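Structure first, commentary second.
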Amino acid sequence: MDFVTEGNSHGVPHLREEPLAKKVRLGAEERLPASRDENKAVTRRQVQNTPLCLETGSTSAEERKRRKKRKVSGAKAETEEVGESPGNCSKARALEQENLNGAKGVEEKVERDKEEGEGAEEKEKSEVKTEQELDREIEVQKEGVGEARRKKVQGEEASEDGMRGKKANKGRKKGATSKPGCLGDSRKRKAKEEDGGARKKRKEEEECGKEDKWKWWEEEQHANGVKWQQLEHRGPYFAPAYERLPRGVSFYYNGKPMKLSPATEEIATFYAKMLDHDYTRKAIFKKNFFCDWTEQMTSEERKKIKQLDKCDFREIHEYFVERQEAQKALPKEEKQKLKKEAERIQEEYGYCTIDGHREKIGNFKTEPPGLFRGRGDHPKMGRVKKRIMPEDVIINCSKGSKIPKPPPGHKWKEVRCDNSVTWLASWTENINGAIKYIMLNPSSKLKGEKDWQKYEIARCLKGVVGKIRAQYRADWKSKEMKKRQRSVALYFIDKLALRAGNEKEEGETADTVGCCSLRVEHLRLHPRMDGKENVVEFDFLGKDCIRYYNLVPVEKQVFKNLQLFMENKGPGDDLFDRLSTSTLNKHLQDLMEGLTAKVFRTYNASITLQEQLDALTNEDDNVAAKLLSYNRANRAVAILCNHQRATPKTFEKSMQNLQAKINVKRDQLCDAKLELKKAKADCRTKRDVKSKAALEKKQKHVEKLEEQLEKLVLQATDKEENKQIALGTSKLNYLDPRISVAWCKRFCVPIEKIFNKTQREKFAWAIDMADEDFVF
DNA sequence: AACCTGACTTAGTATACCCCAC
DNA sequence: GTGGGGTATACTAAGTCAGGTT
C-alpha cells in the first residue's frame with residue numbers, strides 16, 4: 001500500500017500508484033483464519049475483536065475512565081504553552097460564503113414551467129417499452145451523448161454550478177434524445193449485445209412508470225428549518241403479537257419438560273431461534289440474556305430456572321427451523337397470497353403524503369422484540385429488546401391531517417405536529433435509551449435534498465481545501481499544544497479519511513474509536529520501516545468494530561508531534577488529550593460554513609472516484625472493461641474509507657464455477673479457431689460465395705467467443721479484487737452520484753450498469769441534472 | 001466547557017427474491 | 001419445475017453533529 005506522500009504535497013490519500021487492495025489484504029492476513037470452513041466458529045468479527053496485539057496491551061474500561069477524568073481535570077489545570085491569536089480563516093470563509101450561497105440558490109420558476117410540458121410528454125412515451133425499444137433507446141442515448149460532446153467541442157457552456165445547474169441540463173436533455181448518430185456501427189452493435197438484461201430493465205421501468213416522478217429538485221426549497229407543510233400517514237405497522245408454541249414443542253430444564261408462562265416463553269423463543277448463531281456462544285450474550293430473562297419470569301419460574309446451561313431450547317429451535325422450511329415449501333398459491341398481503345400492507349402503511357406528494361417511507365414497521373445484537377464486544381448484547389406498543393410511540397403529522405388510528409384498544413404516547421423534523425413516528429428503545437424513528441425512503445425529497453446538499457458542501461471544500469491544508473501544516477509547529485493536536489488530527493482525517501471519533505460512554509458500547517478518540521495504544525511509531533521513514537502503524541477498531549490497520553509514512557513534523565503527544569502517557573491515554581470533536585468542528589466551521597469532520601470523508605471519497613475514473617477509463621474499451629475500471633475506482637474509495645465485508649460464504653465455490661466457465665469458453669474458442677482455419681483453407685480452394693459466407697460466419701463466431709471470454713476474465717478479476725471489500729456503502733453515501741452519471745454519459749455506459757433500481761431512485765436528482773461535463 | 005439529548009447519516013449483515021442452468 | 005447462486009432489500013446498530021442545559 002502506498003500511502004507515501006511524495007509527489008502529493010497535501011498528503012491526500014487518493015491517486016495511489018499501487019493496487020489499492022493491499023491495505024485490506026494486509027489486515028486480512030492477520031485477521032482471518034486460514035480456513036473458515038475448518039473453523040466455522042471463528043468469524044471475521046471475532047478475530048477482529050481479539051485484543052490488539054500491541055506491546056502496550058489493551059486498557060480496561062475502568063482504567064480508561066479513571067484516566068479520562070484525569071485528562072479532563074489536567075487539561076483544565078494546565079495552561080496553554082503560548083497564548084497565540086486564534087486561527088483566522090475569515091478570508092477562506094468569505095471566499096466560500098459566495099460559493100455556498102450559490103449552492104443553495106433555486107432556479108427561476110418561469111423557466112421551468114415553460115419546459116414542464118415537454119417533460120411530461122417524454123415520460124408518457126417511455127412508460128411501457130419493448131425490448132427492441134429499449135435497445136434502440138440505448139443507442140439513441142449514446143447518439144445524444146455524442147451530440148452533446150460535439151456541442152462541447154464547439155464551445156457550449158458546461159453547467160457545473162452545483163445546485164443551480166438545472167437550466168443548462170434541461171437544454172442538454174432535449175438534445176440528447178433526438179439527434180442522430182455519432183457512434184460507429186460496430187460500437188452500436190457492441191452496446192446492443194452487451195445489454196442483455198433488457199427484459200429485466202423493462203420490468204423495472206414498468207414499475208417505475210407507475211409512479212409519477214416528482215422532480216422536487218426543480219422546485220423551491222422550504223424556508224430554513226421547515227421540513228414540510230403537510231404530512232399525513234398511517235402510523236407504524238406493529239410487529240405481530242406473540243403466538244404460543246404448539247403443544248408438542250417444549251422447553252426443558254434439567255432434562256425435564258417445563259411449561260412456561262407466555263412472557264417467559266416468548267423470550268425463550270428469541271434465544272432458541274439464535275441457537276446456531278455465534279452470539280449464543282458468547283459469555284456476555286448468555287449472561288445478559290439470562291439476566292433479562294429471569295427478570296421477566298414469574299416467581300415460580302425464577303425459583304426453578306437457575307442456570308442457563310441447564311436450559312434446553314433445542315426442541316423449540318427445531319420447531320422454528322421446520323416452520324421456516326415449511327414456509328419455503330408452501331404451494332405457489334399460498335405464497336402468492338402471502339405476497340399479496342405483504343403488498344397490501346406496504347401500500348397501506350408504506351407511504352405517506354407530504355406536501356401533497358405521495359412518498360415512500362423507509363421503515364414503516366416497528367422493530368420486533370428480540371435479543372439485542374450489538375456488534376463486536378458490545379457489553380449489552382443478549383439483552384431483551386422489548387416489544388414496542390402504541391403507548392410507546394409518538395406520532396408526528398400535520399395539524400389538519402387525518403391522525404393515524406392506533407390499533408384497537410390502544411392509544412399513542414403522543415401526537416405532535418413538529419415540521420422542523422423529518423420523522424413520522426418515534427419511540428425510545430429500552431437497551432440504550434436511544435430514540436428510533438420512522439423516516440422517509442432515500443428516494444424522497446427530504447432525503448434527496450439533504451444528500452444533494454451534502455455533496456454541494458463537499459464540493460465547496462474542494463475550493464478551500466488547499467488553504468485548509470496549508471494552515472494545518474503550519475499549525476504542526478504551533479506553540480499551542482491544542483493547535484498542534486488539532487492540526488495533526490485534521491491531517492489524519494483528511495489524509496486517511498478517518499471518522500471524527502466522538503467520545504463514547506465507557507462500558508455502554510463496544511470499545512471503538514475514531515480520530516479524536518484515538519489512544520496511545522492504537523498507534524506505533526516506526527522511525528524506519530521497510531525502507532521508509534516516519535511510519536505510523538495504526539491498529540484500532542472503528543465503527544461497527546471493523547479493524548483499521550494501516551502503515552502510513554507521514555511527514556517528519558507529524559511524526560515528531562506524535563512522539564510529543566505520546567510522551568509520558570500510558571497505553572490507555574488519549575492521543576489527542578486537548579481535542580474533542582466539538583472543538584474540532586467549531587474550528588472547521590470557522591474555516592468554511594457547513595464544514596465538519598465528515599465532509600472530508602465525502603470530499604476525499606468523491607474526488608478519489610473522479611480522479612481514479614479519469615486515470616483508469618479507456619475510451620476504446622468495451623463496456624465490460626469500462627465497468628471493471630469503474631469498479632476499481634469505486635474500490636479505491638472503499639479501501640480509503642475502510643469499508644469491509646465478510647468474505648461471502650459462497651465465495652470460493654462461485655470463484656471455482658467462474659473459472660470453470662472460463663475454461664469451457666477457452667476450449668470453445670480454441671475449437672472455433674480451428675474451424676475458422678479450415679474455413680479459410682476451404683474458401684481459398686473453392687472461391688465460391690457459399691464458402692465465403694461460411695468463412696464470415698466462422699469469423700464472427702470467433703469474435704463473439706473472444707469477447708465473451710474477455711468478459712468472463714474481467715468478471716473473475718473484479719470478483720477476486722472485491723472479496724473483502726464492500727462497495728455499496730461508498731456508492732450509497734460518499735460518492736457524488738453526478739460523477740457516475742457524467743462518466744456513464746461520457747463513456748456510453750448505460751446507467752443501469754452502475755446503479756440498480758433502488759439506487760436510481762435515490763439518485764434520480766443526479767441522473768436528471770448531471771450532464772457528461774459535470775465535474776465534482 | 002462539559003454534558004446530555006435529539007435528529008439524522010452511515011454501516012454491515014440477514015434474508016428475500018429472482019434468474020438461469022439443468 | 002427446481003435448486004443454487006447472486007443480487008436487492010430489509011433491518012437496525014452505530015456513528016456524527018448541533019443545540020440546549022447545567
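Quick note on labels: first sequence line is chain A, next is B, and so on, each numbered from 1. Predicted model, so just to flag it, every value in this text is computed and none were measured. Worth knowing before you read on, the calculation uses all heavy atoms, side chains too, and leaves out hydrogens, waters and symmetry mates.
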Can you name the residues that form a salt bridge (charged side-chain N to carboxylate O under 4.0 Å, His left out) with A:K762, not counting sequence neighbours? none
Scan [X] against the nucleic acid and name what it touches under 4.0 Å (heavy atoms): base, sugar-phosphate only, or nothing.
X	result
A:A434	nothing
A:K339	sugar-phosphate
A:T509	nothing
A:G514	nothing
A:K586	nothing
A:K385	sugar-phosphate
A:T422	sugar-phosphate
A:P442	nothing

Is atom NZ of A:K380 surrounded by more than 12 heavy atoms (other residues, nucleotides or ligands) closer than 6.0 Å? yes
Counting only heavy atoms not in A:Q324 (residues, nucleotides, ligands), do more than 12 fall under 6.0 Å from its CD? no
Calculate the interatomic distance between [X] atom [atom1] and [N] atom [atom2]; express it in whole Å.
X	N	atom1	atom2	result
A:Y455	B:dT10	OH	P	7 Å
A:I435	B:dC4	CD1	C1'	11 Å
A:N502	B:dT9	CG	C1'	13 Å
A:K723	C:dG6	NZ	P	14 Å
A:E508	B:dT5	CD	C1'	14 Å
A:R645	C:dA13	CZ	P	23 Å
A:I457	C:dT16	CD1	C1'	13 Å
A:K365	B:dA16	NZ	P	10 Å

Please determine whether a side-chain nitrogen or oxygen atom of [X] lies at a distance below 4.0 Å from atom OP1 or OP2 of [N].
X	N	value
A:Y734	B:dA11	yes
A:N363	C:dC11	no
A:K543	B:dT10	no
A:K227	B:dC8	yes
A:K757	B:dC18	no
A:S582	B:dA1	no
A:R416	B:dG6	no
A:Q589	C:dA18	yes
A:K504	C:dA14	no
A:H643	B:dT10	no
A:R499	B:dA11	yes
A:K436	C:dA13	yes

For A:Y279, run the ring pair (Phe, Tyr, Trp, His ring centres under 6.0 Å) check against A:F270, A:F372, A:F285, A:Y271 and tell me which one passes. A:F285
Heavy-atom nearest nucleotide on DNA chain C taken for A:A510 and for A:G362; more 5' hit belongs to A:G362
Can you check whether A:Q759's main-chain N or O pairs, donor with acceptor, with A:N756's side chain at less than 3.5 Å? yes
Taking A:N396 for its side chain and A:D418 for its backbone only, find out whether a donor-acceptor pair lies under 3.5 Å. yes
Can you tell me how the ring of A:F238 sits relative to the ring of A:W412, calling it parallel under 30°, perpendicular over 60° and tilted otherwise? parallel
Fit a plane to each ring of A:F492 and A:F538, take the angle between them on a 0 to 90° scale, and name the class: parallel (under 30°), tilted (30 to 60°) or perpendicular (over 60°). perpendicular
From the list [options], which nucleotide is the closest neighbour of the side chain of [X]?
X	options	value
A:N585	C:dT12, B:dT9, C:dC17	C:dC17
A:K454	B:dA11, B:dA14, B:dT10	B:dT10
A:F372	C:dA14, B:dT9, B:dG12	C:dA14

Mapping A:T602 and A:E505 to their closest nucleotides on DNA chain B, which lands nearer the 5' end? A:E505
When the nearest nucleotide of DNA chain B is assigned to A:K447 and to A:T729 on a heavy-atom basis, which residue is associated with the more 5' position? A:K447
Would A:E343 and A:I345 satisfy side-chain contact (heavy atoms from CB on, under 4.5 Å), going step by step from the backbone distance to the final call? CA-CA 5 Å; A:E343 276 168 13; A:I345 293 167; over 6 Å; no
Nucleic acid contacts - residues 270-277 of chain A versus DNA chain B, non-hydrogen atoms under 4.0 Å: A:H277
With A:K337, the side-chain contact (heavy atoms from CB on, under 4.5 Å) member among A:K335, A:E334, A:K340: A:E334
